[in-house]
Amino acid sequence: MSNASAKKKRKLEETVDTPPTRVDDKTLVLISDSKKPKSDRVTKLKSKFGLLKKKPSDFDPEKVSCWEKRERVPFMFLSLAFDLIAAESGRIVITHILCNMLRTVIATTPDDLLPTVYLAANEIAPAHEGIKLGMGKGSYIIKAISEAFGRTESHVEQQYTQLGDLGLVANGSRSSQTMIFMPKPLTVVKVADTLRLIAKESGKGSKDKKKDLMKALLVATTDCEPLYLTRLLQDNLRLGFSRQTVLAALGQAAVYNEEHSKPPPNIKNPLDEAATIVKEVFSMLPVYDIIVGALLTSGVWNLPKTCNLTLGVPVRPMLAKATTRVDLILEKFKDTVFTAEYKYDGERAQIYYMEDGTVEIFSRHAERNTGKYPDVALVLSRLKKPTVKSFILDCEVVTFNREKEKILPLQKLHDSFEEDLGYFQFATALTSNDIGELQEFLKASIDIGCEGLMIKSLYSNATYEPAKY
DNA sequence: GGTGTCTGCCC
DNA sequence: ATTCTGC
DNA sequence: GCAGAATGGGCAGACACC
């Protein structure tokens with residue numbers, strides 16, 4: 001994170017406004033409103049939000065919020081929190097800010113916790129639902145910005161090249177413009193909902209509709225909102241934190257707002273523990289909707305009871321670590337039995353077979369690939385032994401020339417499936433700690449077009465650990 | 001309807 | 001996927 | 001060692017545009 005210094009610099013640039021450029025004749029030219037009084041609300045919020053930076057133990061949500069209980073959380077509040085984070089580079093402080101921000105939302109308008117979490121993580125829907133904004137980071141957003149703020153596209157583009165951040169361009173464009181009437185303040189839900197609307201738009205003319213929805217949001221922004229809205233639209237918050245940090249902050253926030261249960265007595269550090277729980281739970285069931293819901297109704301400490309591996313919702317697949325030397329493997333696994341499998345050169349596939357016979361296939365990043373491999377789905381239903389009612393497979397899909405190539409043996413430990421050469425096979429594996437054998441095995445894997453070996457411990461620590469991302 | 005660009009996803 | 005950075 | 005950010009090659013599907 002080359003952030004600390006770069007960020008500070010950006011902050012400076014940010015205050016250098018773009019000169020009020022002449023605009024194409026169809027657009028109203030507006031006068032700077034920087035002298036005009038801001039709404040009371042905003043001033044009040046701005047005078048208080050620095051409190052978010054306090055250590056969570058010294059923080060009081062009641063002192064920051066300046067909206068009524070159950071009232072929709074202003075997008076300004078989130079933006080100000082982002083602004084505070086922008087000046088920080090250490091993740092501990094960033095987590096505190098996020099934690100306090102989330103606590104404030106829980107304390108005032110718990111219904112808004114879910115959209116707030118989504119925006120903070122810069123996501124719009126569970127990964128496996130495949131709901132994407134679908135307009136990249138450039139051209140269409142540039143269009144929206146130029147239309148919303150009355151600039152020419154080429155002007156925006158030029159500023160973009162100069163500043164290297166469309167968010168700053170948006171901020172600059174906005175601040176030298178004034179509104180005929182104050183727009184209705186944006187709320188967190190409004191932004192989150194609109195992002196979904198943008199994502200849902202598809203087909204002919206959809207790009208324009210997406211652009212218009214963005215424009216409508218941009219037009220309603222003030223202060224630092226254009227910056228963060230733009231970055232949210234670009235799917236690139238650039239604040240030095242990401243999902244893991246949000247999850248940790250969510251867990252910590254829940255500890256402070258815990259009404260449901262006290263931390264179990266044997267827990268040393270409830271904050272760390274809660275953060276870990278939320279992160280782990282998310283890796284098993286990556287759906288904020290369920291986790292946030294469970295968190296609010298029954299608390300963090302009960303999360304693991306309600307949020308579990310769910311058929312049809314892809315877990316984050318366990319990842320491998322790369323190494324280039326076989327001897328290092330022996331060193332690492334010296335006290336345990338391990339196996340080496342060919343590392344097939346294909347695509348990761350996580351396959352769910354539900355009790356009703358339906359099949360879902362997901363990619364490494366939880367994209368729904370069910371329709372991509374119809375043959376795989378069919379073949380598994382066929383080769384599954386009748387006693388097996390449901391299953392989850394984590395495997396590699398490869399293309400296979402059935403005429404020329406043939407892949408060999410099968411191991412015995414799997415007795416839930418029949419193998420079928422060229423359709424469904426278990427990885428070629430060797431269980432050995434003989435360096436010579438391993439070297440040879442590695443070479444053999446490369447010879448048939450694999451990428452190397454996968455090493456897996458078989459006894460100690462031999463669990464499936466979802467990836468932490 | 002064909003072509004070209006954009007976008008996102010795989011590794 | 002890899003590579004780099006800060007913590 | 002971990003989390004986050006930035007980067008690259010290849011490719012396919014979606015959409016815009018002529």
Side-chain angles (χ1 to χ4, degrees), chain A residues 1-8 10 82 85-96 98 120-125 127-144 157 164-165 167 198-211 214 231 233-249 272 275-276 278-280 282-283 314 316-324 328 332 343-350 361-373 395-399 449-452 454 465-469:
Chain A
M1 182 155 44
S2 66
N3 261 323
S5 61
K7 257 183 207 163
K8 302 269 156 57
R10 248 181 255 132
F82 283 166
I85 291 171
E88 301 295 334
S89 64
R91 214 173 305 123
I92 294 174
V93 180
I94 291 178
T95 310
H96 286 168
L98 287 172
N122 206 352
E123 294 172 51
I124 54 181
H128 67 283
E129 289 181 14
I131 298 175
K132 299 291 152 48
L133 283 178
M135 52 186 191
K137 311 198 189 304
S139 51
Y140 279 88
I141 303 184
I142 290 177
K143 257 194 191 125
E157 269 162 18
D165 183 336
I198 292 172
K200 271 208 305 215
E201 211 62 67
S202 73
K204 200 165 148 49
S206 60
K207 298 279 189 193
D208 261 356
K209 286 183 191 156
K210 284 174 194 280
K211 182 206 66 189
M214 283 192 275
R231 289 191 187 167
L233 290 167
Q234 287 184 295
D235 192 15
N236 192 184
L237 227 31
R238 312 174 59 170
L239 289 173
F241 73 89
S242 190
R243 179 193 293 142
Q244 284 303 103
T245 312
V246 176
L247 291 171
D272 287 353
T276 304
V278 174
K279 288 195 266 189
E280 283 181 358
F282 186 87
S283 66
R316 319 228 57 105
M318 187 175 186
L319 301 178
K321 279 194 202 14
T323 186
T324 46
L328 291 181
K332 182 168 175 90
K343 182 180 184 298
Y344 298 94
D345 186 8
E347 284 186 12
R348 192 81 174 256
Q350 199 175 103
I361 305 174
F362 298 98
S363 76
R364 172 185 161 159
H365 290 292
E367 296 295 317
R368 193 166 170 276
N369 275 348
T370 310
K372 188 170 171 182
Y373 311 114
C395 35
E396 191 81 2
V397 172
V398 297
T399 50
C450 286
E451 297 183 298
M454 298 295 289
E465 301 294 340
K468 298 198 215 73
Y469 68 103

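Quick note on labels: first sequence line is chain A, next is B, and so on, each numbered from 1.
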| field | Distance between C1' atoms of D:dT7 and B:dC10 (Å, rounded) | value | 15 Å
| When you check the phosphate oxygens OP1 and OP2 of B:dC9, does a side-chain N or O of A:Lys132 lie under 4.0 Å from one of them? | yes
| field | Listed nucleotide nearest any side-chain atom of A:Arg91, set B:dC6, B:dC9, C:dG6 | value | C:dG6
| query | Roughly, in whole Å, what's the span from CD in A:Gln234 to C1' in B:dG8? | reply | 15 Å
| said: Quick check: do A:Met214 and A:Met135 have side-chain heavy atoms less than 4.5 Å from each other? | reply: yes
| query | Given D:dA16, B:dC11, B:dT7, which nucleotide is nearest the side-chain atoms of A:Lys204? | reply | D:dA16
| Taking OP1 and OP2 of C:dC7, is either one under 4.0 Å from a side-chain nitrogen or oxygen of A:Ser89? | yes
| Base, sugar-phosphate, or nothing: which does A:Gly346 touch, judged by heavy atoms less than 4.0 Å apart? | sugar-phosphate
| task | Looking at every strand, decide which applies to A:Asn236 at a 4.0 Å heavy-atom threshold: base, sugar-phosphate, or nothing. | result | sugar-phosphate
| query | Taking OP1 and OP2 of B:dC11, is either one under 4.0 Å from a side-chain nitrogen or oxygen of A:Ser363? | reply | no
| said: In the structure I gave you, are the side-chain heavy atoms of A:Phe282 and A:Arg243 within less than 4.5 Å of one another anywhere? | reply: yes
| Rounded to whole angstroms, how far apart are CZ on A:Arg368 and C1' on B:dC10? | 18 Å
| request: Please state how far atom CG in A:Asn369 lies from atom C1' in B:dG8, giving the value in whole angstrom units. | output: 13 Å
| task | Could you tell me whether A:Leu328 atom CG has more than 12 heavy atoms of other residues or ligands within 6.0 Å of it? | result | yes
| task | Let me know the distance between CD of A:Gln244 and P of D:dG1, rounded to the nearest Å. | result | 18 Å
| query | Can you check whether A:Lys332 reaches A:Thr323 side chain to side chain, under 4.5 Å on heavy atoms? | reply | no
| task | Would you check if A:Asn122 and A:Asp235 make a side-chain contact, meaning some heavy-atom pair closer than 4.5 Å? | result | yes
| query | Starting at CG of A:Leu133 and ending at P of B:dG8, how long is that distance when rounded to a whole Å? | reply | 8 Å
| d(CG, A:Asp208; P, B:dC6) in whole Å | 15 Å
| Presence of A:Ser202 side-chain N/O under 4.0 Å of D:dA14 phosphate oxygens OP1/OP2 | no
| Once you round it to whole Å, what is the distance between P of D:dA6 and CZ of A:Phe241? | 13 Å
| remark: Atom CG of A:Asp235 and atom P of B:dG8 are separated, to the nearest Å, by 8 Å
